[in-house]
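All values below were derived from every heavy atom in this structure, side-chain atoms included, with hydrogens, water molecules and symmetry-related copies excluded. Every chain is numbered from 1, with letters handed out A, B, ... down the list of sequences. Small disclaimer: the values here were computed from a predicted structure and weren't measured.
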Protein chains: 2
Amino acid sequence: MDRIEIQQLEKSFGKKKVLRDVSCVIEEGHIYGLLGRNGAGKSTLLNIINNRMRAEEGQVLYNGQNIRENDGLLQELFLVNDTILFKREETEKVASYFKHAALFYPDFDENLCHHLVAAFDMDTSLRLSKLSTGYRSIFNIILALCVPARFIFLDEPILGLDANHRDLFYKELVDAFMERPRTFVLSTHLIEEVARLIDSVLILDKGMIQVADTVEAVTEKAWSLTGASQDVDAYAGQLNVIGVEYLGNQTTLYVYDDVSRLPDTIQKQKLELQKLFIMMTNRLEEK
Amino acid sequence: MDRIEIQQLEKSFGKKKVLRDVSCVIEEGHIYGLLGRNGAGKSTLLNIINNRMRAEEGQVLYNGQNIRENDGLLQELFLVNDTILFKREETEKVASYFKHAALFYPDFDENLCHHLVAAFDMDTSLRLSKLSTGYRSIFNIILALCVPARFIFLDEPILGLDANHRDLFYKELVDAFMERPRTFVLSTHLIEEVARLIDSVLILDKGMIQVADTVEAVTEKAWSLTGASQDVDAYAGQLNVIGVEYLGNQTTLYVYDDVSRLPDTIQKQKLELQKLFIMMTNRLEEK
């Protein structure tokens, strides 16, 4: 299995530190959610991994080789986001762009491309610059699902999509993944919806990786604990508490920790991934 | 209770018919979700209600009076969307804009404005043109919650907001509504999230109002019906079917109808509002 290792990346814009000692591993055969608040550094991280931006420190390795030192490795990575594409190619028509992609990538999946154009009801006679926000996203999605790269990065792929097109994207992504397992890394704010798709999660907050694990392992540690305040408060010091609420003499602790040893007097309820994310990143903001 | 009656609106852009015979009533004291696919005509409808655009046919009445014939009535309506505001005022600073709003609207809620600026961590020294997509949305939300109008329309208010800021918006909207009941009409694609907030729903599709009712009444009629194909198929002709799936000799019908008289051999399951919306508007698209 191929893997990308991200090692101790540091990146600043002017005086603002955007990434601080970011390290993580992205393995082939998984669908990752890259989650973070606005301004957390997600797009910067994706640009550095894909060699579109330089970090001041650290490196990105593909199977142990630095991606900056081997152009062939970059063929295995593909990033779609709004910024890069449209400045270069905005007068080109969609159909012509797809044709060029098929020439550039000999294994570009033209059958899937035709299927997706029909499914999303995309007008390929339009110039890229004339696409609505929703159809710019759809254009990016089609490219990302059809290129033969092994690691596909989608930065905010569902921006401006209505519920029907989001639903279709989720279905087509899973179908494409089943057909040819590879790696997808999606950055998005719609955590509740993608929680059904992704199997692994990277939470970036304030330029640091706060969580890197499978969705299963993450949600196994995400709990709300409710009970009489004297019972619950006794455990607050031993647990990784990410939020707290009081109601009368009841306390609710939100924790990211192993809670298997807690007594039955404390009522345990699992937190959804989006709720965990909100509590965890609100907390870090307050520090 | 004040009310807005929208009567038989017709609107075209060039050859494209955007609204066809649109009629509905918006009553004071409710939170409405205005739901529709991209291009369904939501923004056009909101612009016409708020007298920022003219319809070719039909009228908008406020307590029976045509809003075009009485400027005073328009004071009771307030629409925030991205388009209008920023062309006029883009060099103004956020703080100065809020000050002018307070002068223009004597009952502008300055206390709430201060609270929201702090809660959303908004930098009011920035010029409007320098705001990120997320903070443009937040700026609009703050205005909308603080103006004294009785009918507040928000067109895509949560565009670009991360999960934390969306969560905060939902909480602040409900708080503001409890504090001073008025009417909010939200257009959005994040149906699953707003389903918890809204009490009434307007579904616009292909320029027509397809559903106008309370959320409770709508979800009471939204079902999936699963059973042996021979049992289920017998009812397909009598029900308003919006989707169908087959698996082996089982059929699942998605319906928008009263299903109380169906036998127990058919398994009934409620549809979430977002799922209902997707099925209903996919179906209409196919016609």
**Q** Could I get the full list of side chain to side chain contact (heavy atoms under 4.5 Å, CB included) partners for B/Thr219, not counting sequence neighbours?
**A**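 For B/Thr219, the residues satisfying side chain to side chain contact (heavy atoms under 4.5 Å, CB included) (neighbours in sequence not counted) are B/Val215.
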**Q** Is the shortest side-chain heavy-atom distance between B/Leu186 and B/Leu197 below 4.5 Å?
**A**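 Yes, at least one pair of side-chain atoms sits under 4.5 Å.
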**Q** Do A/His165 and B/Arg37 get their side chains close enough for a donor-acceptor pair, meaning under 3.5 Å?
**A**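 Side chains of A/His165 and B/Arg37: pair found under 3.5 Å.
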**Q** What residues, two or more places apart in sequence or in another chain, satisfy side chain to side chain contact (heavy atoms under 4.5 Å, CB included) together with B/Ala95?
**A**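 Listed in chain order: B/Thr124.
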**Q** Under a 4.5 Å heavy-atom cut-off, does chain A meet the side chain of B/Asp167, its backbone, both or neither?
**A**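 Contact with chain A involves the side chain of B/Asp167 alone.
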**Q** Restricting to side-chain hydrogen bond (donor to acceptor under 3.5 Å, both in side chains), what partner residues turn up for A/Ser187, sequence neighbours left out?
**A**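 With neighbours one apart ignored, the set is A/Asp155.
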**Q** Contact part of B/Glu192 toward chain A, heavy-atom cut-off under 4.5 Å: side chain, backbone, both or neither?
**A**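 Only the side chain of B/Glu192 comes within 4.5 Å of chain A.
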**Q** Heavy-atom pairs under 4.5 Å with chain A - which of B/Leu161, B/Ile191, B/Leu159, B/Thr133 has more of them than the others?
**A**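 Going by pairs under 4.5 Å, I would pick B/Leu161.
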**Q** Compute whether any side-chain donor of one residue and acceptor of the other, for A/Gln274 and B/Glu193, lie under 3.5 angstrom apart.
**A**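 There is such a pair (donor and acceptor under 3.5 Å, judged by atom type) between the side chains of A/Gln274 and B/Glu193.
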**Q** Is the centre of the A/Phe120 ring less than 6.0 Å from the centre of the A/Tyr135 ring?
**A**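 Judged by ring-centre distance (under 6.0 Å), A/Phe120 and A/Tyr135 do not meet the cut-off.
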**Q** Could you please state which residues from residues 171-179 of chain B sit under 4.5 angstrom from chain A, measuring non-hydrogen atom to non-hydrogen atom, sorted by number, or 'none'?
**A**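 When heavy atoms of chain A are the reference, residues 171-179 of chain B contributes no residue within the under-4.5 Å range.
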